[in-house]
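What follows is a short report on a single structure.
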Amino acid sequence: VIRSIGYDRAKYGFEDVIGESDAIQKAKEVLRRMAVSESPILLIGETGTGKELIVNAIQKTSRRKDAPFIKQNCASIPSTLLESILFGTTKGSYTGAENKPGLFEIANGGTLFLDEINSMDISVQPKLLRAIEEKRVCRLGSYKPLEVDVKIVAAMNEDPQECVRKGKLREDLLYRLSVVRVDMPTLQERRCDIELLMKYFISKFNSSMKKDIFGVDEEVKKMFEEYPWPGNVRELRNTIEGAFNVAQGKCIHARDL
């Protein structure tokens, strides 16, 4: 049960966040310092910018690195279900409910990563805010408060002020989560890292796929430099992986993309 909800050890550190651009180096510098803090951290960035990789690095660097590391995506989960996932349930609180700890209890002493916090139902947000501020939770159907010590890291892929304006995100929750706010740069904003990332992924897939591809031809290199990469680093990674599956020589050509 614990494994199915993402009870894990951080697999990656800041050394695994590839990039030499000023934008990514600045983000890493701030987050390295804040990883040892107990304050909430809010990561803002488009899909594919590496937010989950950064969260792993925060956990691995923090004082809680050997404690539970729990990850939960908040998107497309009904409010009552998400509430029970976060805070737990007591037997009889609703039909079929059993005594079950929520993620705050399971993450006690460790870190809870809430991804796509902007997709969380607005009705759950006041309860989340209360849990963070009071460091206590009550399971559904219970009035007995449980003390919890959890570091919160949240992430979102939209502009937070726009979410507040549209009524998708409570302003007080935003202020509480963004004690430390870091905006993850898009690949468009760190184009000088494209070649470095490309070489990294080629090396990675050579190892995992037992191939010996040394790079890309000049046409592909030019395409990579000019393409806007709306899917960011993830799209670059997937593009290279796809090319590895069809490339027949020791170089990736345009026909392989």
Side-chain angles (χ1 to χ4, degrees), residues 5-7 10 30-31 33-45 51-52 54-55 58-59 61-65 67-75 77-90 93 99-184:
I5 57 172
Y7 189 162
V30 172
L31 289 164
R33 293 200 306 267
M34 296 313 304
V36 296
S37 164
E38 294 303 300
S39 298
I41 296 175
L42 178 63
L43 301 175
I44 300 165
K51 296 187 292 295
E52 187 163 350
I54 286 288
V55 175
I58 290 169
Q59 170 69 3
T61 309
S62 77
R63 299 186 184 99
R64 300 169 182 257
K65 62 183 178 181
F69 177 35
I70 309 298
K71 295 170 275 188
Q72 176 63 50
N73 190 302
C74 301
I77 301 178
S79 58
T80 51
L81 177 57
L82 183 58
E83 194 173 343
S84 66
I85 289 171
L86 290 173
F87 308 121
T89 56
T90 54
S93 55
N99 291 321
K100 187 176 180 182
L103 297 189
F104 270 88
E105 285 182 71
I106 296 168
N108 193 23
T111 301
L112 177 58
F113 172 44
L114 300 173
D115 198 6
E116 297 194 56
I117 194 80
N118 49 301
S119 298
M120 176 181 285
D121 192 280
I122 198 75
S123 66
V124 182
Q125 294 182 25
K127 297 164 187 174
L128 173 62
L129 176 62
R130 193 178 309 117
I132 295 170
E133 290 189 331
E134 297 179 357
K135 297 188 176 183
R136 296 191 303 175
V137 297
C138 284
R139 292 184 183 183
L140 267 66
S142 171
Y143 295 98
K144 180 183 178 182
L146 301 167
E147 303 287 333
V148 288
D149 171 26
V150 176
K151 179 181 175 73
I152 299 291
V153 181
M156 55 192 304
N157 53 17
E158 296 181 81
D159 177 76
Q161 295 299 338
E162 186 68 11
C163 290
V164 169
R165 190 184 67 79
K166 290 180 178 179
K168 296 174 63 177
L169 184 67
R170 287 177 59 105
E171 194 168 24
D172 50 3
L173 178 60
L174 171 61
Y175 291 148
R176 189 70 190 99
L177 291 173
S178 58
V179 174
V180 178
R181 167 181 165 166
V182 174
D183 292 76
M184 295 297 296

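In what follows, every heavy atom counts, from backbone to side chain, and hydrogens, waters and symmetry copies are set aside.
- Going from atom CG of Leu140 over to atom OG of Ser84 covers 6.5 Å, rounded to the nearest 0.5 Å.
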message: Show, in sequence, the C-alpha distance, side-chain angles and deciding distance for Leu169 and Glu158, and conclude whether the side-chain contact (heavy atoms from CB on, under 4.5 Å) test is met.
response: CA-CA 11 Å; Leu169 184 67; Glu158 296 181 81; over 6 Å; no
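- To the nearest 0.5 Å, the span separating CG on Leu82 from CG on Leu103 amounts to 8.5 Å.
- In this structure, Asp149 contributes its side chain and Asn108 its backbone to no donor-acceptor pair below 3.5 Å.
- In plain terms, the two heavy atoms of Phe113 and Ala154 that are nearest each other are CE1-C, 4.3 Å.
- Interatomic distance, CD of Gln72 versus CD of Glu116, reported as 11.0 Å (0.5 Å rounding).
- Proximity of Arg181 to Pro160: side-chain heavy atoms (C-beta onward) are separated by under 4.5 Å at one or more points.
- Smallest separation of non-hydrogen atoms from Ala35 and Thr61: CB-CB, 3.8 Å.
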Gln161/Leu174 under side-chain contact (heavy atoms from CB on, under 4.5 Å): CA gap, chis, key distance, verdict: CA-CA 9 Å; Gln161 295 299 338; Leu174 171 61; 3.7 Å; yes
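- Nearest heavy atoms, Ser178 versus Leu42: CB-CD2, 3.8 Å.
- Minimum interatomic distance between Ala67 and Gly109 (heavy atoms only, all atoms of both residues): CB-O, 3.2 Å.
- Between Leu31 and Leu43 there is a side-chain heavy-atom pair separated by less than 4.5 Å.
- Using a 4.5 Å heavy-atom cutoff, the side chains of Ser37 and Val180 are not in contact.
- Using a cut-off of 4.0 Å between Lys/Arg side-chain N and Asp/Glu carboxylate O, Arg64 and Glu38 are scored as salt-bridged.
- Of all heavy-atom pairs spanning Val36 and Arg33, the tightest one is CG2-O, 3.2 Å.
- One N or O on the side chain of Lys151 and one on the backbone of Ser39 form a donor-acceptor pair closer than 3.5 Å.
- Residue Ala75 comes nearest to Asn73 through the heavy atom pair N-OD1, 2.8 Å, listed as atom of the first residue, atom of the second, then distance.
- Residue Lys135 places its NZ atom among 12 or fewer non-hydrogen atoms of other residues, nucleotides or ligands, all under 6.0 Å distant.
- Here the CD-CD1 distance, from Gln59 to Ile54, works out to 14.0 Å after rounding to the nearest 0.5 Å.
- The shortest distance between side-chain heavy atoms of Leu146 and Arg139 falls below 4.5 Å.
- Looking only at distances, a side-chain donor or acceptor of Lys51 sits under 3.5 Å from a matching main-chain atom of Gly45.
- Panel note: side chain Gln125, backbone Lys168; a donor-acceptor pair is recorded below 3.5 Å.
- Considering CG of Leu128 and CZ of Arg176, their distance stands at 10.5 Å, rounded to 0.5 Å.
- For Phe87 and Phe104, the ring centers sit closer than 6.0 Å to each other.
- Note: Leu112 CG to Leu86 CG = 7.0 Å, rounded to the nearest 0.5 Å.
- Residue Asn118 is tested with Glu162, Met156, Lys166 for a side chain to side chain contact (heavy atoms under 4.5 Å, CB included); the sole match is Met156.
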